[in-house]
Amino acid sequence: MIERNDPRVAVVLKGWPRLSETFIAQEIAGLEARGVALEIWSLRRPTDKHRHPVHDRVRGRVVYLPEYLKDDWKRVLAGWRRARTLPGYGAARARFLADLWRDPTANRLRRWGQALVLAAELPSSIDRLYAHFLHTPASVTRYAALMRGLPWSVSAHAKDIWTSPPWEVTEKLADASWLVTCTSMGAERLRELAAQPDKVRLVYHGLDFAHLPAPSRVHGHRDGTDPNDPVVILSVGRKVEKKGYGDLLEALAELPKNLSWRFEHVGAGELGDVLKAQAGRLGIADRCTWLGAQPQAQVFAALARADLFVLASKKAADGDQDGLPNVLMEAAHQGLAIVSTRAAAIGEFIADGDNGLLVPPGDPAALRAAIARLIAHPDQRQRLAARAGEVVRARFSFDAGADWIAAALGRARPTEARAAE
C-alpha cells in the first residue's frame, strides 16, 4: 500500500551533494517545499569536503548507484535478474544496444548497469523519473524508465547540450515527456534537434532570494591608488578551460603598474596547478589567493570582501561552454560590479554598459582594459552594480521556474490533492 508521504519522483543526478551545483540543490529544496515527494538517486558519491546549507534542507532519501560496476558486481547482477523480469526490459535493452553500436564505450556500459540497478530498486510508489543533465544521468534515467514503463523528464544545462551527439539528443527528446533548460541559447539548440520543439521549455535557475544573505558592500571607495588597500577582484568557478582563467591571469598581469589590486579565486578543478604555475611565470603569484572549493558561507564572505567580480568564460576546445552561470547573479545580488565575456548565454543577463561590462571571449587585452577601467572608477562600479541588482531581482527569481517544474512533476497524487482540500 502506497502511503501519503512515500516518494513519487526519483531525481537522478550525476553526484550528490556537489558544491559547484548549488542550482540543482536549490531546485530540489524548492520542489520539496512545493509538495513534491521525491528521492535522489546519485550516479556518484560526493567528493567535496564541505556542504552548502541548502543540501541540509533537502529531506528526501538519497541512494547511491554503483559508480564502478566491478566494485559492486553482486548488486548489479541482482539488479539485472530483477530488471529482466520487467515488462519494458526488452525495449530498454534494444534501445541500449542501438546506442552502444553508435557509442561503444565503457561509459555507455556503465550507464546500462546503473539503469538495471535503478529500475530494479525503485520503490513501487515512484511514478515519474526526472534527471538533471542530458548526457549520462538522462541515459540512465531513460533506460530505467523504459524498463519500468514510467514517464521521465530532464533538465539540461550547458556541457550536456553542447557535447552530446545530436542523434542522442534527438532520440532522448523524442522519449522524454518534457525538457527544461536554463538559457534561451540552449533552448534554441534543443528545439532545432527536437521532433516536437514544444517539449522544450526555458526555465532560468535564478536565485532563491529568501535563503541568500543580505548584500554587504563596505569597500566601494577603493580605486587602486592605495597599496595598503588594494581593489579586490574575485572570481568563483571551476578551474576548467571554459572558465577562461588563463585569459584572466594574462589580463591581470598586464594591468597598469600604478594600480593596486589583488585577486581571489574560489573553486576546485583540474587546472589548479597549471594556473598557479602560470601566475608564477607572469609575476603575479603574490597577488593571487586560491581558496579552493568552499561552502556557501565562505563564498558569500568572499563576495562581501570583493570590489569587482570577473568571469572570463569561453568555449573550450571540446565544445564545452557555460550556460548562464548562477554565480554572476549571486555577485549581482551581493552588490558587485561584473566584468565578463560575450560567451555562451551571459548576454541573457548582462548587457554591456548597462549592468556590467562584456568583452569578447578569449581576448585578454580587452579583458584587461575593462578591469582597469572599473578598478580606477568606483563610481562606475557602483552604478553597474546597482543596475545588475535591479535586473536580477526583477527577472531571475527561481520561484517561477520551481513552480512550473513542481506542477509538471505533479505536487501530489489526485487522491492526496483532494484529501488536502
Side-chain angles (χ1 to χ4, degrees), residues 20 22-23 205 207 212-224 230-239 242-245 247-249 251-252 255 259 261-267 287-291 294 296-314 322-359 361 364 366-393 396:
S20 63
T22 314
F23 54 93
H205 294 310
L207 298 181
L212 293 181
S216 175
R217 294 261 50 79
V218 294
H219 305 300
H221 64 280
R222 291 170 175 158
D223 62 3
V231 168
V232 179
I233 301 164
L234 175 67
S235 191
V236 180
R238 290 182 298 127
K239 301 183 190 107
K242 70 177 179 180
K243 298 296 183 181
Y245 285 119
D247 297 335
L248 177 53
L249 291 177
L252 294 175
L255 286 170
L259 290 180
W261 58 270
R262 63 184 179 88
F263 172 61
E264 291 190 7
H265 175 269
V266 176
R287 293 186 172 198
C288 299
T289 302
W290 305 93
L291 298 170
Q294 295 293 326
Q296 190 176 49
Q298 296 307 313
V299 174
F300 279 92
L303 290 166
R305 289 193 299 270
D307 300 287
L308 177 61
F309 189 89
V310 182
L311 192 65
S313 300
K314 64 181 181 181
D322 273 327
L324 174 52
N326 254 38
V327 70
L328 294 174
M329 289 178 264
E330 291 173 343
H333 179 267
Q334 292 299 296
L336 279 174
I338 295 167
V339 174
S340 192
T341 72
R342 295 186 179 91
I346 291 169
E348 294 179 32
F349 169 44
I350 301 294
D352 183 38
D354 176 51
N355 61 338
L357 297 183
L358 296 181
V359 302
L367 190 62
R368 174 200 59 78
I371 294 171
R373 172 181 163 188
L374 292 190
I375 286 176
H377 295 93
D379 56 331
Q380 290 188 28
R381 293 201 307 267
Q382 292 174 9
R383 177 181 64 80
L384 293 171
R387 178 62 182 142
E390 292 173 1
V391 172
V392 78
R393 286 187 292 273
F396 291 97

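All values reported here derive from a predicted model rather than from experimental measurement. Just so you know, residue 1 is the first one in the sequence shown, and it goes up from there.
Side-chain N or O atoms of D352 include one that pairs as donor or acceptor with a backbone N or O of L358 at under 3.5 Å. Side chain of D307 to backbone of V232: a donor-acceptor contact under 3.5 angstrom is found. In this structure, the side chain of Q334 engages the main chain of P213 through a donor-acceptor pair within 3.5 Å. T289 places no side-chain N or O within donor-acceptor distance of the main-chain N or O of E264, the cut-off being under 3.5 Å. Remark: side-chain polar atoms of R381 are paired, donor with acceptor, to backbone N or O of R222 under 3.5 angstrom. The backbone N or O of G267 lies less than 3.5 Å from a partner atom in the side chain of K239, making a donor-acceptor pair.
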Are L259 and V231 close enough, and set up right, to give a side-chain contact (heavy atoms from CB on, under 4.5 Å), and what steps lead you there? CA-CA 9 Å; L259 290 180; V231 168; over 6 Å; no
Would K243 and D322 count as a side-chain contact (heavy atoms from CB on, under 4.5 Å) if you check the C-alpha gap in whole Å, the side-chain angles of each, and the deciding distance to 0.1 Å? CA-CA 8 Å; K243 298 296 183 181; D322 273 327; 2.8 Å; yes
Go through the steps for L234 and L303 under the test side-chain contact (heavy atoms from CB on, under 4.5 Å), then give the verdict. CA-CA 7 Å; L234 175 67; L303 290 166; 3.5 Å; yes
Determine, step by step, whether N326 and T22 satisfy the side-chain contact (heavy atoms from CB on, under 4.5 Å) criterion, reporting the C-alpha distance in whole Å, the side-chain angles of both residues, the deciding distance to 0.1 Å, and the verdict. CA-CA 9 Å; N326 254 38; T22 314; over 6 Å; no
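The minimum heavy-atom distance linking P364 with A251 is given by the pair O-CB, 3.4 Å. Considering all non-hydrogen atoms of both residues, I350 and G356 come closest at CG2-CA, 3.9 Å. Shown here for P325 and I346, the closest heavy-atom pair between the two residues is CD-CG1, 4.0 Å. Considering every non-hydrogen atom in both A370 and L357, the closest pair reads O-CD1, 3.9 Å. Minimum heavy-atom separation, A385 to G335: CB-O, 3.3 Å. Nearest approach of L324 to A345, heavy atoms of both residues: CD1-O, 3.7 Å.
Annotation: ring-ring contact (aromatic ring centres under 6.0 Å, His included) contacts involving residues 323-356, sequence neighbours excluded, comprise F209-H333, F349-F396.
From Q380, atom CD reaches atom CD of Q382 across 11.0 Å, with rounding to the nearest 0.5 Å. Note that OH of Y245 and CG of L311 are 5.5 Å apart. Values are rounded to the nearest 0.5 Å. Between the CZ atom of R287 and the CD1 atom of I233 there is a distance of 9.0 Å, given to the nearest 0.5 Å. The distance from the CG atom of L384 to the CG atom of D379 is 9.5 Å, given to the nearest 0.5 Å. Distance check: N355 CG to R383 CZ gives 10.0 Å after rounding to the nearest 0.5 Å. The CG atom of L328 sits 7.0 Å away from the OG atom of S313 when rounded to the nearest 0.5 Å.
In this structure, the side chain to side chain donor-acceptor pair (under 3.5 Å) partners of E348, at least two apart in sequence or on a different chain, are Y204. Residues satisfying the ring-ring contact (aromatic ring centres under 6.0 Å, His included) test with F309, not counting sequence neighbours, are none.
Taking the six-membered ring where tryptophan is involved, the planes of F263 and W290 are perpendicular, since the angle between them exceeds 60° and thus also 30°.
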